[in-house]
Structures are given as structure tokens and as C-alpha cells.
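First comes the structure, then the notes that go with it.
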Amino acid sequence: MLAPLALTPSFGFGDRLGLATPGHIAAVRGTKFAPIFAQQSVRENARTGRTPQQVIDDAKRSVDAAKWDAPWGADADHLKTVEDIPPFVEAGYTFFTIDPGEHVDNSADTDSLEILKQKVANLNWDELSALYLKEDGDQVWGKFAKSPKGEAESLMRAMVKYGRAIQHAASMFRRLSQMKDEFDFEISVDETDSPTTPLEHFFIASELVRLGVRFTSLAPRFIGRFEKGVDYIGDLNVLDIELEKHAAVTSHFGNYKLSLHSGSDKFSVYPLMAKHWGERIHVKTAGTSYLEALRVLTKHEPDLFMKIYALGRERYEADKKTYHVLAELNKLPKTNDLPSLLDDFHAREVLHVTFGSALTQFGIELKAHFDKHLSLLK
Ligand SMILES: [Zn+2]
């Protein structure tokens, strides 16, 4: 049944085609993870032309057919404004991911001290500095302290960077609380320009608690690059240490899970998460399911696949604008060997980012073929 999953370890399976849930059920059965079978962002719905209700209905059909009788969730992903909330509440979503990224001040990392002082003057500096500037011992995630010159630069940067985003998340929580009694609530800042340090993570969690926000998960922007549908780009040793510090913050509070977005294909990172995060874990994926569906096409409908790939190359520069991706068209493989093309970094990102264009143009054809080959997706 659809239900909030609270602190159970959980795994999100985004399904942009509305056909992949049987595969997701097969993948999660027998594991300790509670599944989110419906998970789409406002951006994804805009690109796939589906409504929150359709997304949930598609997942429900497969859940019923597979006789899945354990709890599962539906994630209204990356909600940015209060106006985004109602259609997801009406459709019965159980998990609400708030993305206050537009209220994050990315220049706080590099602002001069003078600018920072001006900016904190508009925030509740007196109250927060009394609360956070501690002289006692260091924590694993660091601490806010005054410099020898008496400046509290790190706290100023954290407040300027995340202060308004925290306020926005709190107002989204209050709005949602008026509409619904029980729900999972996630705050995600994973799509901001600069990483969230463990100390900033501590600040965000602490402020949310102080403001009475009951949240079940939090998605910082981790260091390195987490691009969609490809493995981690960055130094794994550095990430290892960083993930441990984030986990320390989470266990300090003890009432929420760490959430990894763009979790598709992060095979080198999963062991580190398992090591440090333990049970307090949520992972979101979507890109892999779409790309693996395209892999079915490479075997059975190569002509259609090549049309989608050609459209992808045409649309990539325009469609990539709302994503953080490094793939370049001139680095695509010279030969189009199928299915190994789908293992190439650049081809994967090009195909992934342009899924909306592909579904707009070839959606009906695609679905007809997948229906025919559904047994292969199970
Ligand atoms: Zn995200």
C-alpha cells in the first residue's frame, strides 16, 4: 500500500516511460530497501507530458499486477513553489521533495567579508550567532568559531548561502502540513552550484529542526560530480572522507536519512555509502531505467534507436541547459556499435538529457515497442 516510509532505508525508482515498474519490483524484492515506485519531478513531468496522477497510476498498475503488498512510496520530486504542491497531494503522493535551490545564494562562497556583513544584516544574525558560535571542541564536521580577529566568517557564509532556502523549505513544510497529516519530507539542495560542506549540512539540519520542520531525508550537494546515468566523477578518497562526515552529522540528529540524488550508475560510490550511512539512506535513480530501456531497442528495434540517437545529438545543446553535464558531442564514439554505444559516457549523457525530446517525438512508437518487448524488461 502507498504509505510514508519514514526512516526505513529506501530506494527511489523514477520511471519516465511508465513501463519500468515490473523491473524495479524485481530489483527491490528481497532487499532491505523500501521502494518509491512513483518518482517524478516537476521538470520530468513537463518533459514527458505526464501528470502526477498518471505517474502514480502507471506505477500502481504494475504494483497490483506483481502483487507487491509491502509499503511503497510516491515521491513528488523537486517541488520548488507552494503552487507545485496541490496536484501531487490530490494524486496521493506520500513523499515530498522540496528543492529550495533558487533561494540558495551561491556567491556566498566567494563574497568578501564586507559583502557578507551586509548580507547577514538582513538575516537574524544576533540570534543565530549566539546559538552557533561555540568555543568548545571541534566536531567531526567542524565548528563555527570566531577567527583570531573576531570574525565569524564560516557562520556568515552558511547563513547567507542557505538562510533563505531554509526559510523557504519551512514555509513549504507548513503549507503541506495544512493539506496532509502524514508524509515523508525531503529537503534537497543537490542541484546548487557549489557543494554543501558537512558543517553547512549541520547548519541546515539544525535550523530545520529549530524551525519545527519534521523531515525524513536531506540531500546535500556532495563534492565531485554526480551526473545522470554515469558513474561518479571525482576523487573517491576525498569523497570517502566527506561522506563519513556527512553521516556523522546525520547520526548526531538521528531523525532523518541522507539522500543521494542522481544515484543512477554510481557503482563506485555505493560501497562508500553503505559503509558510512548504514540504515540512514535514501537513493534516487531514474536515468538508468530509461537508458536500459533504450538498450532493449538497440537489440530489437535498432532503426528506432538510431532515430532517437540522431535526435539526441540534435537536441543536446538545448536540452542540457537545466542539467550539470560534461558530455560533448564531438567526443561521441566514431562508430555506432550497438549495444556497446550505450556504455559510452558521452552517448549515455546525450541520450539521457534528451529523453524529453525523444518521448515527445517518438513516445507512441517507443511505448508500442516496449509493450511488445515487456517480457524483456522484467
Ligand atoms: Zn535531485
Side-chain angles (χ1 to χ4, degrees), residues 5 10-16 35-48 50 52 55 73-81 84-85 88 93-104 106 161-162 165-166 168-169 172 184-196 200-201 204-205 208 215-234 239 242-243 246 250 256-266 269-270 273 277 281-291 319-326 348-349 352-353 355-356:
L5 306 174
S10 46
F11 205 99
F13 301 94
D15 174 16
R16 293 168 189 150
I36 300 275
F37 289 133
Q39 169 203 287
Q40 298 280 271
S41 63
V42 176
R43 175 176 67 193
E44 282 173 308
N45 282 334
R47 292 192 176 191
T48 56
R50 289 202 296 167
V55 171
D75 181 356
D77 205 3
H78 281 278
L79 304 182
K80 297 194 174 187
T81 66
D84 288 338
I85 300 175
F88 290 94
Y93 280 69
T94 58
F95 188 118
F96 294 80
T97 302
I98 302 312
D99 176 355
E102 285 165 11
H103 304 270
V104 171
N106 287 299
K161 189 168 169 187
Y162 291 111
I166 292 164
H168 181 67
M172 294 281 275
D184 291 319
F185 190 74
E186 172 164 314
I187 294 94
S188 74
V189 287
D190 67 299
E191 295 196 359
T192 56
D193 292 347
S194 65
T196 315
E200 288 166 345
H201 168 187
I204 295 170
L208 289 168
F215 57 106
T216 28
S217 47
L218 196 151
R221 154 94 154 77
F222 298 106
I223 49 161
R225 298 185 71 96
F226 288 81
E227 302 191 358
K228 313 260 177 185
V230 293
D231 206 342
Y232 178 67
I233 305 166
L239 182 70
E242 197 82 348
L243 292 184
H246 281 290
T250 307
Y256 67 94
K257 298 180 272 195
L258 266 171
S259 175
L260 177 74
H261 287 214
S262 303
S264 279
D265 282 67
K266 301 301 175 296
V269 178
Y270 302 145
M273 291 161 63
W277 298 4
I281 188 168
H282 181 62
V283 182
K284 297 198 190 195
T285 64
T288 297
S289 296
Y290 175 69
L291 291 171
D319 288 0
K320 75 173 190 186
K321 290 209 167 74
T322 54
Y323 287 102
H324 298 267
V325 280
L326 285 176
R348 285 181 77 81
E349 289 206 329
H352 173 271
V353 163
F355 72 88

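Because the structure is predicted, anything quoted here is derived from the model rather than measured. Indexing begins at 1, ligand by ligand and atom by atom, following the structure's order.
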* Asked: So I36 and H282, side-chain contact (heavy atoms from CB on, under 4.5 Å) or not? Walk me through it.
  -> CA-CA 10 Å; I36 300 275; H282 181 62; 3.7 Å; yes
* Evaluate the ring planes of Y256 and F215, with Trp represented by its six-membered ring, and classify them as parallel (under 30°), tilted (30 to 60°) or perpendicular (over 60°). => tilted
* Asked: Any idea how Y323 and F355 line up, ring-wise: parallel (<30°), tilted (30 to 60°), or perpendicular (>60°)?
  -> perpendicular
* Asked: Taking NZ, NE, NH1 and NH2 as the nitrogens, is one of them in R348 or D265 under 4.0 Å from a carboxylate oxygen of the other?
  -> yes
* To do: Run through the protein N/O/S atoms less than 2.8 Å from the Zn ion (ligand 1) and write them out by chain and number.
  => H78 NE2, D190 OD2, H261 ND1
* To do: Flag the pair E186 and K284 as a salt bridge only when some basic side-chain nitrogen lies within less than 4.0 angstrom of an acidic carboxylate oxygen.
  => yes
* Asked: Quick one: which of R221, K80, R43 gives a salt bridge (Lys or Arg N to Asp or Glu O under 4.0 Å) with E191?
  -> R43
